[in-house]
Structure formats: structure tokens, C-alpha cells
> 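The structure's right below; bear with me while I get my questions together.
Every chain is numbered from 1 and lettered A, B, ... according to where its sequence line falls, protein lines coming before strand lines. For the numbers below, each heavy atom of this structure counts, side chains included, while hydrogens, waters and symmetry mates do not.
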Amino acid sequence: MHLVLRRVDGGVLATPLTDAGTAQGEPIRVDEPRLPAFIASRDAPDVRWVWDDTARWYPAVLAAGGRVGRCTDLRLCRRILRSALSARGSALAAAPVDGWDTVVQEARVARPTHARLFDDALFDVSPPDDESDPVAELRAQLDAVSGSDAPGALRLLLTAESAGALVAAEMFHAGLPWRADVHERLLEDALGPRVPYGVRPRRLEEIAAVVRERLGDPSLNPDSPADVLKSLRRAGLMVTSTRKWELQEIEHPVIEPLLEYKRLARLLTANGWTWLDEWVQDGRFHPKYLVGGVVTGRWAADGGGAMQLPKLVRPAVVADEGWKLVVADAAQLEPRVLAAMSGDRAMAAAGDGRDLYDGVVASGAVETRQQAKGAMLGAMYGATQGEGGRLVPRLARAYPDALGLVERAARAGERGEPVTTLLGRTSPVPEASWFEARNQAYAVEGTPAMQRAVESRARSWGRFTRNFIVQGTAAEWALAWMGSLRSRLAERFPGPVTEGPHLVFFVHDEIVVHAPAEHAEWVAEQVRAAAADAGRLLFRDFPVVFPLSVAIVDDYGAAKD
DNA sequence: GACGAACGCCAC
DNA sequence: AAACGTGGCGTTCGTC
């Protein structure tokens, strides 16, 4: 059954509906402060909580030590359904833009201000009523799914997306264990004693002096790429930028200290003392995850650069005393997903029981693992040049089904058509000007230059759609993986989230679980079992495996990539 | 001073 | 080797 929550008349109304969305008993009125207790009392395996935004309802439940099993996040599901190709005939797809399409404001945890402390209104902390009707929205979404070309796949996608929203809220609640003292020691070892913002740390100052001296440029500002480029060229070095890869090609005494300067300056500005002060409180880093924040369905994060935690600072992620971190990442996830979604048995077999790239080498398609990896990434990204681009045709001969699928996605994108992931998430189409430019370039007034420009844009969009189907389906696998793991952990440890093993970090194909040491091995088994669950959910009995590398460690830095 | 483009690095 | 996907984010530097 569904329990649909809505704020009305200063309280919360919970409307029970059947799985099909029809009425099932009287709506129940709950006062806002009693909501966590109400949810705890009514949560059950067959209950699905329905709300507009998980981030607006779930934090209070978690703060009270509760949790829920399943939910429907209407706003996330609306976003998927609105654009889904398989539901394009639905009333939902045809409806005009309304409040459900717009980004919602932050969840406000109402706190009485000083001025209100002696006010009668002290306990009147309820958020305002909701304007939109979640019952009507749920019904519209259920109709869109049941009337679609692929109800099963869409249902699974919406379930996975909503489970992701629960995971994201729980990870935000728990936070990533972060030892500020370890981080500070790391910074001090690398940069020298802490300095105020805007002051160059001692070690950086020393390296800057060496760089200036070796370039014979006493006034050089090493933080200015333009300044550095000018100085390098004055010294006779033929470089076109100050990018790391370009500098690495050069033989000159200044290169080594310059690269070291850039490395440390990056540490200072991206994850230095300022970052530590801003993002780590009480031993936890609380990044806000944006479920489906990337167009392909991948997650994004808001603030703190959570999805790009440099390897350099990962040693500061340390499990609590008596706890461990279980770090797991899926090996060659995207090629395996591509093999499965395209039904390419030869490619799936290449990854059976071994590193998939080793299997590609064993098949004779290419000679080295590096070549296999370069060619595979090239096939999924649309490489045309370099070694990757050169080897793609050899891969195409060995794995015609897999390569054919991404090739067709690229062609569709070049024509301006949408493509879809396995479960039905649909890519956007280019904006109107893209089509207008194309029409103009091939009309009588079109010039060869216009045609070249248009074709270049078309190929670029084709690379996007080519990658979309693989990256997006891999994101669906990852959602299923996390969702299954979450259920497995909750089943054995039903208490408050942070009292048992719980997810604390996620980056595309990698998860970190914070677990009591005595349960770490059990958690590692569950993580592997959940990966197998995800494979079956998406690809049923297709013979593809999703091996993980799993490490049980005290700190994240100790988990080798 | 605010803003945004360009640059460059980090993650997957 | 440096083109080939999705992003976040901090700095410099030019413009308004």
C-alpha cells in the first residue's frame, strides 16, 4: 500500500492508497511533531511512503532515530517520467509545466528565534501547507507507468531512484567519518604550519622561490597560469599551456618544482584548512548528494567536492574506534554493463572470472591490457584519434553486438534523436537552434564552413548519446546495488541507521560502508551479494558477472584503487 | 565590487 | 598520447 504525506492545515495528512492508487481507508491527521513516531508505527514491508521530496520529509525521521523501508520520491520520479520515451503518450507527459517540475526549496528545520522565545507561537513550528496535491500526482505517475511501453522497466527505475533518495538522505545524516587531526597533520607535512587564508604556506613559498630562480624571473607569480606561460616561453620552452601533461613532456630544471608547486597549491585551495573548517564538523563530512543530479542519472554532490575527493586526503577518512570501513568498487563496471545491455555474450565472457580487459587480450582482439582499456573507453566515449580511436575497429570485429549498440546510439544522437538507458531514462534532445543551424547549413544559403560546423556539433552530440546509454545504465546498476545493500543491512540491523553498519560514501561505482569491526566480514559478503542482486534485477539470467574489489580497512586511503 | 569566461585539476 | 564521456570547484583576469 501507499501512504501519501501532505502538509495541510498546519499538520500532516497521511492518505492510505492501494498499490494501484485507489482509496484504502480514511486519511489520517498527524501533528508535525508526532510525524516521526507515526511513521515508525506504520512502516512495514508492504508500505511505500509517498512524498514530494525525500530531503523535505526524511531528515526528521532519521533525526528521531527512525527510518523507512521504501518510498516514492514524487519529484524525482516526475523528472524521469516527463521525458521518458516509453511514457511519451501519457497525460503526465502532455501536462503543462507546474510546481512538480520546479526545484524545491531547502527543507527548513524550523527553530524558534530569540524574538519568539517568549512568544505564544513558540511551538508553532510547522512548515507552511503544501500547495500541490501528492495524491493526484501519484495517480498521474502510476497511470503514466502502467500505460507506457515498458511498465516493468520504468517501475524498477522509479523504485531504484527513490531508494537512492533514501540512501542519499541516510548518508547525509550519518556523514563520512573524518579525522580533522589526521587531515591537519597531512596538510602540515605537505605545506608547512597553518597560515591564514590568503597567505602562501612556507613550503609553497620555498618552492616558488626555486621556480623563480630556475626561470630567472624574480617577480613570477606561480599561481597565475598566464604569468607562468610567459615566463616559460621567455626561458625558451615551447609550451602552449601550463597543463600538467604538457609540462611533463619537457626536460628542464624548472619542471619538477613547478609541478610540485601545482600539486601542493591544488591541495591547499581544494582541500586545505579552509575546506576543513567549512565542511568537517564533529568528525564528520556531510556532503549533500543530488540523486539523478547528472543528466545520465549519475549522482552529483552539492558542496565540498564530495564526488572528487582526492586520493591524497583519503587517509583522513578513518573509521571510528572499534569500527571498520568496507570499501567496495565494481571492476570495469561500464564495459560489463555494455556487454549485458547489448546481449554481447563474447564480451560478457571476456569478463567472466577475470579482469575484463585481460579477457579482451586473451580473445586476441588486442595485444595488451592498456590497449584493451584504451580501446574500450574509446568505444564508449567515441574516440576517433590516438591509440584508442585506432583500436576501436578491432574491438568492433571481436564484439559486434556491444559496439553496434553504442554506434547506433551515436548515430541517433547525430540525427538529434533521444536515446534511452536499459530502464528507460531518456536523454534530452538538442535545443531548437541545433536543428535550425542544421537546416540552414543544408539549405540553398548553406556554405561548406557552416556544414562542417554543423557536422562537428552533430558528432559531438553523438558522443554524448553514445556515452549516455552506457553511463546511464551503469548508474541504474549502481542504484540497484545500493538499494539492495541498504535492504540487506536494514534487515539484520533494524535500529537507528548509525547504530549498525551503514553506507557513508558513494561515487558512481564505489561504495563505503562504516561498520562495527565484528560485522565487517559479514558486510563485505552483503556488498558482493547486493552486486549479484543488481545484475539479476537489470539483466535477469544473462550470463554477466559484476565482480567487486572489496577492502576492509581502518582508513579510506588504505583501500587501494 | 559583481560577474562570468577561461584555465586547470580532481573524481568516476 | 593528449583526444574522447559526465561532472565540481577554485583561481585569475577581463568587462561592466
> Using whole Å, report how far CZ of A/F505 lies from C1' of B/dC12.
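Checked: the CZ to C1' distance equals 10 Å.
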> Check every strand shown and say whether A/G378 touches a base, only sugar-phosphate, or nothing at a heavy-atom separation below 4.0 Å.
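It contacts nothing in the nucleic acid.
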> Expressed as a whole number of angstroms, how long is the span from A/L247:CG to B/dC7:C1'?
13 Å
> Nearest whole Å is fine: how far is B/dC7 C1' from A/W245 CH2?
14 Å
> Under 4.0 Å, heavy atoms only, any strand: does A/G386 hit a base, just the sugar-phosphate, or nothing?
nothing
> Could you tell me the separation between the CG atom of A/L333 and the C1' atom of B/dA11, rounded to a whole number of Å?
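After rounding, the gap between these two atoms is 15 Å.
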> Could you check how far CG of A/N221 sits from C1' of B/dC7, rounded to whole Å?
14 Å
> Reckon A/Y261 touches a base, only the sugar-phosphate, or nothing at all at heavy-atom distances under 4.0 Å?
nothing
> For B/dC12, does either OP1 or OP2 sit under 4.0 Å from a side-chain N or O belonging to A/K311?
yes
> Tell me the interatomic distance from A/R243, atom CZ, to B/dC10, atom P, rounded to whole angstroms.
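Rounded to the whole Å, the gap is 13 Å.
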> Where does the chain A footprint on DNA chain C start and end, counting 5' to 3' with a 4.0 Å heavy-atom cut-off?
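Boundary nucleotides touching chain A, in 5' to 3' order, are C/dA2 to C/dC13.
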> Which sits closer to the 5' end of DNA chain C, A/T296 or A/S224, going by the nucleotide each is nearest to?
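Nearest-nucleotide comparison on DNA chain C picks A/T296.
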> Can we call the ring centroids of A/W275 and A/W178 under 6.0 Å apart?
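Between A/W178 and A/W275, which both carry aromatic rings, the centre distance is below 6.0 Å.
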> Classify A/R314 by what it touches in the nucleic acid, base, sugar-phosphate, or nothing, heavy-atom distance under 4.0 Å.
sugar-phosphate
> Remember a base hit wins even if backbone is also touched, and classify A/G304 as base, sugar-phosphate or nothing at under 4.0 Å, heavy atoms.
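It contacts sugar-phosphate atoms only.
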> Test A/R75 against every option in A/D53, A/T54, A/D101 by the side chain to side chain donor-acceptor pair (under 3.5 Å) rule and name the one that passes.
A/D53
> Salt bridge or not between A/E161 and A/R425? Use side-chain N to carboxylate O under 4.0 Å.
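A/R425 and A/E161: salt-bridged.
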> Using modelled atom types only, decide if a donor and an acceptor are shared between the side chain of A/R284 and the backbone of A/L176 within a distance under 3.5 Å.
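A pair under 3.5 Å: no.
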> With both distances under 3.5 Å as the test, what is the Watson-Crick or G-U wobble partner of C/dC9?
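Across any shown strand, C/dC9 pairs with B/dG8.
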> B/dC9 phosphate, OP1 or OP2: any side-chain N/O from A/R266 under 4.0 angstrom?
no
> For A/R298, is there an ion pair with A/E334 - N to carboxylate O distance below 4.0 angstrom?
yes
> Scan A/Q471 against the nucleic acid and name what it touches under 4.0 Å (heavy atoms): base, sugar-phosphate only, or nothing.
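Result for A/Q471 = base.
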> Categorize A/L309 for me: base, sugar-phosphate, or nothing, with a 4.0 angstrom heavy-atom threshold over every strand shown.
sugar-phosphate
> Any side-chain donor-acceptor pair under 3.5 Å between A/Y58 and A/E170?
yes
> Less than 4.0 angstrom from a charged side-chain N to a carboxylate O is my criterion; do A/E407 and A/R466 meet it?
yes
> With heavy atoms under 4.0 Å as the rule, sort A/G293 into base, sugar-phosphate or nothing.
nothing
> Scan every strand shown for a Watson-Crick or G-U wobble partner of C/dA2, both distances under 3.5 Å, and answer none if you come up empty.
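In the structure as shown, C/dA2 has no Watson-Crick or wobble partner.
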> Figure out the CG/C1' separation between A/L232 and B/dC7, and round it to whole Å.
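Answer to the nearest Å: 15 Å.
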> Please tell me which of A/T384 and A/M307 maps to the more 5' nucleotide of DNA chain C, matching each residue to the nucleotide holding its nearest heavy atom.
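Result of the comparison: A/T384.
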> Using whole Å, what does the distance between atom P of nucleotide B/dC9 and atom CG of A/D223 come to?
13 Å
> Before accepting this row, confirm whether a basic side-chain N of the pair A/R394/A/E367 lies closer than 4.0 Å to the acidic partner's carboxylate O.
yes
> Whether A/E205 and A/R202 form a salt bridge (side-chain N of Lys/Arg under 4.0 Å from carboxylate O of Asp/Glu) is what I want to check.
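Salt bridge between A/R202 and A/E205, a charged N being under 4.0 Å from a carboxylate O: no.
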> Using only heavy-atom distances, decide whether a donor-acceptor pair under 3.5 angstrom links the side-chain of A/R298 to the base of B/dC12.
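Indeed, a donor on one side and an acceptor on the other fall under 3.5 Å apart.
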> Within the 4.0 Å heavy-atom criterion, would you say A/V470 contacts the bases, only the backbone, or no part of the nucleic acid?
nothing
